[in-house]
There are 2 protein chains.
Amino acid sequence: MAKTSTRTAVTPTKRTYDSLEQEVFLNLWRTYDRLKTLEDDVFGRVGLSAQQYNALRLLQSIYPDAMPTLVLGSRLISRAPDMTRLLDRLERRELLNRERKPENRRVVEVRISKKGVTLLDEIHDAVQECHQQQLGHLKKKDLRQLADLLRQARQPHENPSHLSVADE
Amino acid sequence: MAKTSTRTAVTPTKRTYDSLEQEVFLNLWRTYDRLKTLEDDVFGRVGLSAQQYNALRLLQSIYPDAMPTLVLGSRLISRAPDMTRLLDRLERRELLNRERKPENRRVVEVRISKKGVTLLDEIHDAVQECHQQQLGHLKKKDLRQLADLLRQARQPHENPSHLSVADE
DNA sequence: CGAAATTACTCGTCGCAACAACTATCGTCA
DNA sequence: TGACGATAGTTGTTGCGACGAGTAATTTCG
């Protein structure tokens, strides 16, 4: 058990959990929060949020092609119900541009700009270094295992619409 | 139409990573995001955020004692630079109360109210069910391992001020 | 052909989070 | 005792995120 009450109120990391599942989730939350701080620091320097960076990366991966807003939104790591304004902000900074498709004027195609690609290139190394700082202290084997367990953990909660697109 | 051509752009979960560390972090992010959705749903029903719930739980654990604002802030799972207003909102709902200490008028002591305790009791079961839904599909052994790996992952990034409190 | 449904966003509103600048209180040391 | 820091919160501003309602373009179907 925990050390016999060094102090009454203060039990910093030694917390009592109602269940093992809760323990895991709180650990997940805290670990995400700690590691995220490092990332935000890197992105903050160029005025991007992690989500914005994520969107730009996806666009870069198909550069110089474009993709519709909704497709982009569905492929982001974290769900974003406000794609429009996220893209608004990036467009205002000229990191991407949007245009309606003539053949289906409901669809807005999004394309990363040259300037956007340049920005990503500029911070690429810093981002990689950041990931090393975040997790570089773990062994390859542990990293693999962690990635696998995380995938298993969320597997039942993945929106099926994501996966079904590939084979329709 | 579109059958073969859609496949080009759409690669839902199959993403290419720059490094193993990045892969782990993105998995961490996504898993957190997915599981968080379930929690937010439960808390949303009583108008709480996860962070607010977290604060109330900490206060409940020392009920009917109180603790200073800054101590509470430092013990939250996720960092909160805006304790004052978080507590403002909870106080407005009469879930807790605050009072300045007479012997040191800089310190504000926070105490959960009877109403707050009652609210926590009311949702306790739903929260536990939620944790089961989040992670109940994993084996005990995997959950243990996941919790351990997560702890190891964030270990170098824990603020030491947290840990030093226990033995002062 | 035209009304209804569907799709793909867009916009109004609100609350919360982040950073910084500020205030009040207390300890300290010349 | 009175300026100087340090401590503990508070407040201003700004911006992003979430939810929902609204709009425009296309498809469906009687």
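We name chains A, B, ... by the order of the sequence lines, and we start the count at 1 in each one.
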Exercise. From D:dA18, C:dT10, D:dG17, pick the nucleotide closest to the side chain of A:R100?
Worked result: C:dT10
For this session: Ignoring backbone atoms, test whether B:R105 places a side-chain nitrogen or oxygen under 4.0 Å from the OP1 or OP2 oxygen of C:dT25.
Result: yes
Exercise. So what does B:T69 touch, heavy atoms closer than 4.0 Å: a base, only the sugar-phosphate, or nothing?
Worked result: sugar-phosphate
Exercise. If only atom types and distance count, is the side chain of A:N54 paired as donor or acceptor with the main-chain N or O of A:A50 below 3.5 Å?
Worked result: no
For this session: Please work out which of the three classes, parallel, tilted or perpendicular, describes the rings of A:H157 and B:H137, given edges at 30° and 60°.
Result: perpendicular
Seminar exercise, completed: To the nearest angstrom, the CZ-P distance between B:R45 and D:dC19 comes to 14 Å
For this session: Could you state the atom-to-atom distance from CE of B:M83 to P of C:dC16 in whole Å?
Result: 13 Å
Seminar exercise, completed: Judged by nearest nucleotide, the residue sitting upstream toward the 5' end of DNA chain C, A:V108 or A:R85, is A:V108
Exercise. In whole angstrom, what separates A:E109's CD from D:dA25's P?
Worked result: 17 Å
For this session: Answer with yes or no whether the hydrophobic clustering places A:I77 together with A:L149; edges join I, L, V, M, F, W, Y residues whose side-chain heavy atoms lie under 4.5 Å apart.
Result: yes
Exercise. Between A:D148 and A:R144, is there a salt bridge with N-O shorter than 4.0 Å?
Worked result: no
For this session: Ignoring hydrogens and angles, state whether a donor on the side chain of B:H131 or B:Q128 is under 3.5 Å from an acceptor on the partner side chain.
Result: no
Exercise. Nearest nucleotide by nearest heavy atom, which residue falls closer to the 5' end of DNA chain D, A:K101 or A:R79?
Worked result: A:R79
Exercise. CD of B:E99 versus P of D:dG9: gap in Å, rounded?
Worked result: 13 Å
For this session: Let me know the distance between CG of B:N104 and P of C:dT25, rounded to the nearest Å.
Result: 11 Å
Exercise. Can you tell me if A:E21 uses its side chain to pair, donor with acceptor, with the backbone of B:L135 under 3.5 Å?
Worked result: no
Exercise. Closer to the 5' end of DNA chain D via nearest nucleotide, is it B:P68 or A:Q51?
Worked result: B:P68
Exercise. In whole Å, what is the span from the CG atom of B:D82 to the C1' atom of C:dA17?
Worked result: 7 Å
Seminar exercise, completed: In whole angstroms, the gap separating P of C:dA17 from CG of B:N54 amounts to 12 Å
Exercise. Roughly, in whole Å, what's the span from CZ in B:R106 to P in D:dG5?
Worked result: 17 Å
Exercise. When rounded to the nearest 0.5 angstrom, what is the spacing between CZ in B:F43 and CZ in B:R45?
Worked result: 10.5 Å
For this session: Under 4.0 Å from any atom of DNA chain C, heavy atoms only: list the residues of residues 86-98 of chain B that qualify, in numerical order.
Result: B:R89
